[in-house]
S.K.: 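This is the structure I have questions about; it appears just below.
All figures in this text were calculated on a predicted structure; none of them were measured in a lab.
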Amino acid sequence: MTGLDYDRFDALTFDCYGTLIDWEAGILAGLRPVLQRRGVEVGDDALLDVYADREAAAEAGPYARYRDILGRCLREVGAHYGIEPEAYEVEAFGGSVADWPAFPDSAAALAALHARFQLGVITNCDDDLFAHSAARLGTTFDWVVTAESVGAYKPDPRNFEVALERIGLPRERILHVAQSLFHDHVPARALGFSTVWIDRRHDRPGFGATPPAEVVPDATFPDMASFAAAAARATATG
C-alpha cells in the first residue's frame, strides 16, 4: 500500500526509535550481556516481547526520564528471568540510547526528504539522549518534540498535540512517518493525521519491541529508502 499524494504535505514528522534508529538492535545489545553473564539464553523475539510489555507499562505511568524508564525495564526483565542486575548495569542500559545505531538508510533518506519538506521528530526520549541520535542521523530537524519536553510518552496524544502547536501548520499538511503502530499510528490517526508505516519488521513475525496494535496507515514501506524514493518520484511528477 503506497498510494499517497505527497504534494498535500509541507512537513513530515518522524518517530525516531524503531524508524530511524535501530532500537531493537540497541535494546538487545544492552539486555543480552546482562542475561548471559548469569547464564540466561533467550531468543531475540521472545526477549523483545518481554521488554515491550514492561516499557509500555512504565511509560503509561507517572512521567519519568527515559533513561530511568530503561533502568526500570532492565530490572523487570531481569526479574522475569529470575535475575537481579547490578546498579552499574542498570545505569549503563539507561544511557545506552546514545550508542544505538541508525538504520543504514536513515541519513540519506532524511537528506533527500529535507530538500522538499520541513522535517520534525516526535520521540519518546530525553533531550540529551536524542541529541546523540540526531548526530547519527546527520539532519538538523526543524522541530524536535521529546517526551521530556511534553512530560508524557506516546501513545499519549499530548505529544502530537504539542507537535501540532509548535509546527503551526494544519494537520492536513503534516504527514507522520513511523514504525510503531502502537506508539504512533494509533494516536496520530485518531487525531486526524495522515501516516506512513515504515514496516521495519516486514520480513519477521510479531511486533518486536512494541505492543501489538491494529490500525490502517495511509501507506506502507519496508524501509526509509523506499519511502524517500516514492515521495521524491511523486513530488517530481506532481
Side-chain angles (χ1 to χ4, degrees), residues 1-21 102-125 130 133-134 137-147 149-150 152-202 207 210 213-238:
M1 185 169 60
T2 59
L4 197 60
D5 179 9
Y6 294 98
D7 286 329
R8 290 171 43 205
F9 306 107
D10 298 312
L12 308 179
T13 54
F14 292 89
D15 164 60
C16 182
Y17 300 99
T19 306
L20 306 175
I21 296 290
F103 285 104
D105 62 348
S106 293
L110 289 171
L113 292 165
H114 216 171
R116 160 64 179 82
F117 303 96
Q118 293 180 287
L119 304 183
V121 168
I122 308 172
T123 178
N124 278 358
C125 200
F130 173 72
S133 299
L137 297 171
T139 294
T140 301
F141 291 96
D142 298 288
W143 308 278
V144 174
V145 178
T146 63
S149 68
V150 178
Y153 289 93
K154 298 176 295 181
D156 192 310
R158 284 180 289 170
N159 300 70
F160 294 92
E161 291 164 352
V162 168
L164 193 59
E165 292 171 3
R166 293 186 188 177
I167 292 169
L169 291 170
R171 70 194 67 206
E172 294 79 12
R173 305 298 297 176
I174 303 169
L175 176 63
H176 188 60
V177 183
Q179 184 273 333
S180 176
L181 299 178
F182 173 82
H183 294 96
D184 288 87
H185 291 274
V186 169
R189 296 290 288 162
L191 289 171
F193 288 89
S194 298
T195 68
V196 166
W197 184 21
I198 306 300
D199 184 12
R200 294 285 191 181
R201 293 184 59 86
H202 65 277
F207 289 85
T210 69
E214 292 187 10
V215 64
V216 180
D218 293 279
T220 301
F221 297 90
D223 50 44
M224 281 289 296
S226 56
F227 164 60
R233 285 195 302 271
T235 55
T237 59

S.K.: With sequence neighbours left out, write down each residue that passes side chain to side chain contact (heavy atoms under 4.5 Å, CB included) with Pro104, or none if nothing qualifies.
M.R.: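 None.
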S.K.: Taking side chain to side chain donor-acceptor pair (under 3.5 Å) as the test, write out the residues that go with Arg171, two or more places apart.
M.R.: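 By the side chain to side chain donor-acceptor pair (under 3.5 Å) rule, Arg171 matches no residue at all.
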S.K.: Just jot down the salt bridge (charged side-chain N to carboxylate O under 4.0 Å, His left out) partners of Asp199, sequence neighbours excluded, or say none.
M.R.: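 Asp199 satisfies salt bridge (charged side-chain N to carboxylate O under 4.0 Å, His left out) with no residue once adjacent residues are dropped.
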S.K.: Taking only residues two or more places apart in sequence or in another chain, which ones pass side chain to side chain donor-acceptor pair (under 3.5 Å) with Thr19?
M.R.: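 If we apply the side chain to side chain donor-acceptor pair (under 3.5 Å) test to Thr19, skipping adjacent residues, the hits are Asp15.
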S.K.: Counting only N and O atoms by type, is there a donor-acceptor contact under 3.5 Å from the side chain of Asp218 to the main-chain atoms of Thr195?
M.R.: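 Here the side-chain-to-backbone pair exists.
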S.K.: Kindly write out the residues that satisfy salt bridge (charged side-chain N to carboxylate O under 4.0 Å, His left out) with Asp142, not counting sequence neighbours, or none if the list is empty.
M.R.: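 Listed in chain order: nothing, the list is empty.
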S.K.: Quick one: list whatever passes side chain to side chain donor-acceptor pair (under 3.5 Å) with Tyr17, sequence neighbours left out.
M.R.: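 Only Ser133 meet the side chain to side chain donor-acceptor pair (under 3.5 Å) criterion with Tyr17.
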S.K.: With sequence neighbours excluded, tell me which residues meet salt bridge (charged side-chain N to carboxylate O under 4.0 Å, His left out) with Asp223.
M.R.: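 None.
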S.K.: Report the distance from atom CD1 of Ile167 to atom CG of Leu164, rounding to the nearest 0.5 Å.
M.R.: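 That separation rounds to 7.0 Å.
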S.K.: Test: ring pair (Phe, Tyr, Trp, His ring centres under 6.0 Å). Region: residues 154-182. Which pairs qualify, not counting sequence neighbours?
M.R.: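 For residues 154-182, and leaving out neighbouring residues, the ring pair (Phe, Tyr, Trp, His ring centres under 6.0 Å) pairs sorted by first residue read Phe160-His176.
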S.K.: I'd like to know if the side chain of Asn124 and the backbone of Lys154 have a donor-acceptor N/O pair within less than 3.5 Å.
M.R.: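 Yes: the side chain of Asn124 pairs with the backbone of Lys154.
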S.K.: Phe117 vs Leu175, test: side-chain contact (heavy atoms from CB on, under 4.5 Å). Steps then yes/no.
M.R.: CA-CA 10 Å; Phe117 303 96; Leu175 176 63; over 6 Å; no
S.K.: Taking only residues two or more places apart in sequence or in another chain, which ones pass side chain to side chain donor-acceptor pair (under 3.5 Å) with Ser194?
M.R.: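 Once residues adjacent in sequence are excluded, the partners of Ser194 under the side chain to side chain donor-acceptor pair (under 3.5 Å) criterion are Arg8.
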S.K.: Run the side chain to side chain contact (heavy atoms under 4.5 Å, CB included) test against Glu161 and tell me which residues pass, sequence neighbours left out.
M.R.: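 With neighbours one apart ignored, the set is Pro157, Arg158, Leu191.
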S.K.: Report yes or no: does Asn159 contribute a side-chain atom to a donor-acceptor pair with the main-chain N or O of Ala152 at less than 3.5 Å?
M.R.: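 At least one qualifying donor-acceptor pair exists.
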S.K.: What heavy-atom pair brings Trp143 and Arg166 nearest, and what distance separates the two atoms?
M.R.: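 The pair with the smallest heavy-atom distance is NE1-O, 3.6 Å.
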S.K.: Say whether, by atom type as modelled, one donor and one acceptor occur between the side chain of Trp197 and the main chain of Gln179 under 3.5 angstrom.
M.R.: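 Yes, Trp197 side chain to Gln179 backbone: donor-acceptor pair under 3.5 Å.
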S.K.: Using salt bridge (charged side-chain N to carboxylate O under 4.0 Å, His left out) as the criterion, list what pairs up with Arg200, not counting sequence neighbours.
M.R.: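 Per chain and number, Arg200 pairs via salt bridge (charged side-chain N to carboxylate O under 4.0 Å, His left out) with Asp105.
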S.K.: Measure the OG1-CG distance between Thr139 and Leu113 for me, rounded to the nearest 0.5 Å.
M.R.: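 One gets 9.0 Å once the value is rounded to the nearest 0.5 Å.
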S.K.: Among residues at least two apart in sequence or on other chains, which ones pass ring-ring contact (aromatic ring centres under 6.0 Å, His included) with Phe130?
M.R.: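 For Phe130, no residue satisfies ring-ring contact (aromatic ring centres under 6.0 Å, His included) once neighbours in sequence are set aside.
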